[in-house]
S.K.: 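Mind having a look at this structure? Questions to follow.
Treat the numbers as computed from the prediction; the structure is a model and nothing was measured. Below, all heavy atoms of this structure are taken into account, side chains as well, without hydrogens, waters or symmetry copies. One-based numbering along the sequence shown. One-based numbering, in listed order, for ligands and for the atoms of each.
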Amino acid sequence: MRKKIVAGNWKMNTTPAEGVELLKGVAALKGEVCSCVNFIVCPPFTHLSEVVKVAKGTGIAVGAQNCAAEAKGAYTGEVSTQMIASLGVEYVILGHSERREYYAETSATLNKKMEQAYANNLTPIYCVGEKLEERESGKYFDVISAQIKEVVYNLSAEQFAKLVVAYEPVWAIGTGKTASAEQAQEIHAFIRKVLAEKFGAAADDTAILYGGSCKPGNAAEIFAKADVDGGLIGGAALVAKDFIAIGKGFAK
Ligand code: PEP
């Protein structure tokens, strides 16, 4: 049985106090959702300490949105996975398209970040996805395959067993344009096939999340697809009742 996951990427939104209130709102409504759904919230670094404390006992896990590529030392402004994990954080989002695009994150950087994540027992949520021009030119299978092979293929079988993957078509992130459930299923099945080429049957157990303008109104249809195991949610994760409503997209 694959894990069902609804993860919220808060991006650079909310103050720490607002973030705690948001988490409390999610926790208060969580009982309305099947207990089979694993909720994760990924606030900014500044919120992690307090959010982890408030999340204790709620069944909601906490993730970071990024981490340093190095273990420690003279890297001004960076935050190491040891620092993050020491707070009780369990996940880290890596390879988000905004980081690839605005912070020039390459596969080489992401390989180092993955290594750091595993070294401190954080579970990576590794994002892949094509840009609009790559979809329109039909190159998207190659792009996604390369994003997986250049990074995920370097993991050991033991590391791979923990990995969560998110398919986030860049043209659907924050744009209000969602991939259709069929488009999502096509790519999720493809991702699973590429993973299986390296890791065999273990790929059947990998949670692959969809991300990109996922909302209460479209989550159920997307989550119903065979290879979609949940969502990585941006905008809608900032409203507790919407985030919870997305969780309800999983039939009990
Ligand atoms: C994201 O950036 O991870 C995301 C899915 O954003 P949104 O839901 O706002 O499109």
Side-chain angles (χ1 to χ4, degrees), residues 4-14 18-19 22 26 37-45 47-48 51 60-67 89 91-105 110 113 117 122-132 134-135 140 143-144 147-148 151 163-181 183-185 187-188 191 207-223 225 227-250:
K4 295 173 171 36
I5 297 175
V6 175
N9 175 9
W10 294 0
K11 309 194 184 186
M12 198 170 70
N13 293 297
T14 73
E18 287 165 349
L22 175 55
V26 174
V37 179
N38 296 275
F39 281 101
I40 305 168
V41 294
C42 302
F45 287 135
H47 306 25
L48 287 174
V51 165
I60 300 169
V62 181
Q65 297 172 20
N66 183 28
C67 67
V89 172
Y91 292 87
V92 60
I93 298 173
L94 291 178
H96 192 281
S97 62
E98 287 156 14
R99 300 232 34 111
R100 291 180 191 264
E101 176 84 12
Y102 308 144
Y103 302 96
E105 283 197 0
L110 289 166
K113 292 189 175 194
L122 294 176
T123 297
I125 301 173
Y126 179 67
C127 304
V128 298
E130 79 283 5
K131 295 179 189 162
L132 184 60
E134 292 163 341
R135 173 151 286 262
Y140 52 108
V143 169
I144 293 164
Q147 288 170 336
I148 294 171
V151 177
L163 184 74
V164 176
V165 175
Y167 168 55
E168 299 207 307
V170 180
W171 48 271
I173 295 179
T175 59
K177 271 190 206 159
T178 318
S180 68
Q183 284 173 321
Q185 169 57 25
I187 302 297
H188 281 231
I191 291 172
I208 306 178
L209 316 182
Y210 170 78
S213 299
C214 192
K215 305 245 172 331
N218 58 27
E221 193 190 349
I222 297 171
F223 294 175
K225 292 294 178 189
D227 287 289
V228 180
D229 306 304
L232 179 55
I233 317 300
L238 296 171
V239 179
K241 70 170 180 21
D242 288 351
F243 190 51
I244 286 292
I246 288 170
K248 289 182 187 169
F250 285 108

S.K.: Just to be sure I read this right, does ligand 1 sit under 4.0 Å from the backbone of Asn9, its side chain, both, or neither, counting only heavy atoms?
M.R.: side chain
S.K.: Is the closest heavy atom of Lys215 to ligand 1 under 4.0 Å?
M.R.: no
S.K.: Could you tell me if any non-hydrogen atom of Ser213 lies under 4.0 Å from any atom of ligand 1?
M.R.: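 Within the 4.0 Å threshold, so yes.
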S.K.: Would you say Gly174 has any N or O atom under 3.5 Å from an N or O of ligand 1, going by distance alone?
M.R.: yes
S.K.: Look up atom CG in Leu209 and atom SG in Cys214, then write down how far apart they are to the nearest 0.5 Å.
M.R.: 10.0 Å
S.K.: His96 heavy atoms, cut-off 4.0 Å: which ligand 1 atoms fall inside?
M.R.: 1 (C), 2 (O), 3 (O)
S.K.: Would you call Pro44 and Gln65 a side-chain contact if the rule is heavy atoms closer than 4.5 Å?
M.R.: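 When only atoms from C-beta onward are counted, Gln65 and Pro44 do touch, with a gap below 4.5 Å.
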S.K.: Should the proximity of Ser97 to ligand 1, defined as any heavy atom under 4.0 Å, be assigned to the side chain, the backbone, both, or neither?
M.R.: neither
S.K.: Check whether any side-chain heavy atom of Val37 lies under 4.5 Å from a side-chain heavy atom of Phe39, and answer yes or no.
M.R.: yes
S.K.: Do Ile222 and Thr178 make a side-chain contact, defined as non-hydrogen atoms from C-beta onward lying under 4.5 Å apart?
M.R.: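 Yes, close enough: below the 4.5 Å cut-off.
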S.K.: My understanding is that only one of His96, Arg100, Arg99 makes a side chain to side chain donor-acceptor pair (under 3.5 Å) with Glu105; could you say which?
M.R.: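 Answer to the side chain to side chain donor-acceptor pair (under 3.5 Å) test with Glu105 among His96, Arg100, Arg99: Arg99.
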S.K.: Which ligand 1 atoms are under 4.0 Å away from a heavy-atom of Ala172?
M.R.: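 Listed by number with element, the hits are 10 (O).
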S.K.: Do me a favour and list the nearest non-hydrogen protein atom to atom 2 (O) of ligand 1 with residue, atom name and distance?
M.R.: Lys11 NZ, 2.5 Å
S.K.: Evaluate Gly234 for polar contact with ligand 1, using N/O atom pairs at a separation under 3.5 Å.
M.R.: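 By distance alone, the answer is yes.
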S.K.: If you measure from CG on Asn38 to CD1 on Ile60, what distance do you get to the nearest 0.5 Å?
M.R.: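 Answer for the CG-CD1 pair, Asn38 versus Ile60, is 11.0 Å.
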S.K.: Consider every N or O of Leu232 and every N or O of ligand 1, then say whether any pair is closer than 3.5 Å.
M.R.: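 There is no such contact.
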S.K.: Using heavy atoms and a 4.0 Å limit, tell me yes or no: is Ala166 in contact with ligand 1?
M.R.: no
S.K.: Considering only heavy atoms of Gly235, which atoms of ligand 1 have at least one such atom less than 4.0 Å away?
M.R.: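 Those atoms are 7 (P), 8 (O), 9 (O).
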S.K.: How many angstroms lie between atom CD1 of Ile5 and atom CD1 of Ile208, to the nearest 0.5 angstrom?
M.R.: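 It is 11.0 Å, given to the nearest 0.5 Å.
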S.K.: Using 30° and 60° as the class limits, which term best fits the ring planes of His188 and Tyr210: parallel, tilted or perpendicular?
M.R.: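 Correct class here is tilted.
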S.K.: Is there a side-chain contact between Gln147 and Tyr126 (heavy atoms, below 4.5 Å)?
M.R.: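 In contact.
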S.K.: Side chains of Lys113 and Asn66: does their closest heavy-atom pair fall under 4.5 Å?
M.R.: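 The answer is yes, as the side chains (C-beta and beyond) meet within the 4.5 Å cut-off.
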S.K.: Of the protein's non-hydrogen atoms, which lies at the shortest distance from atom 3 (O) of ligand 1, and what is that distance?
M.R.: Glu168 OE2, 2.7 Å
S.K.: Considering both backbone and side-chain atoms of Thr175, is one of its nitrogen or oxygen atoms within less than 3.5 Å of a nitrogen or oxygen in ligand 1?
M.R.: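 No, since none of the N or O atoms of Thr175 sits under 3.5 Å from an N or O of ligand 1.
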S.K.: Need the ligand 1 atom indices (1-based, order shown) with element for anything under 4.0 Å from a heavy-atom of Gly212.
M.R.: 5 (C), 10 (O)
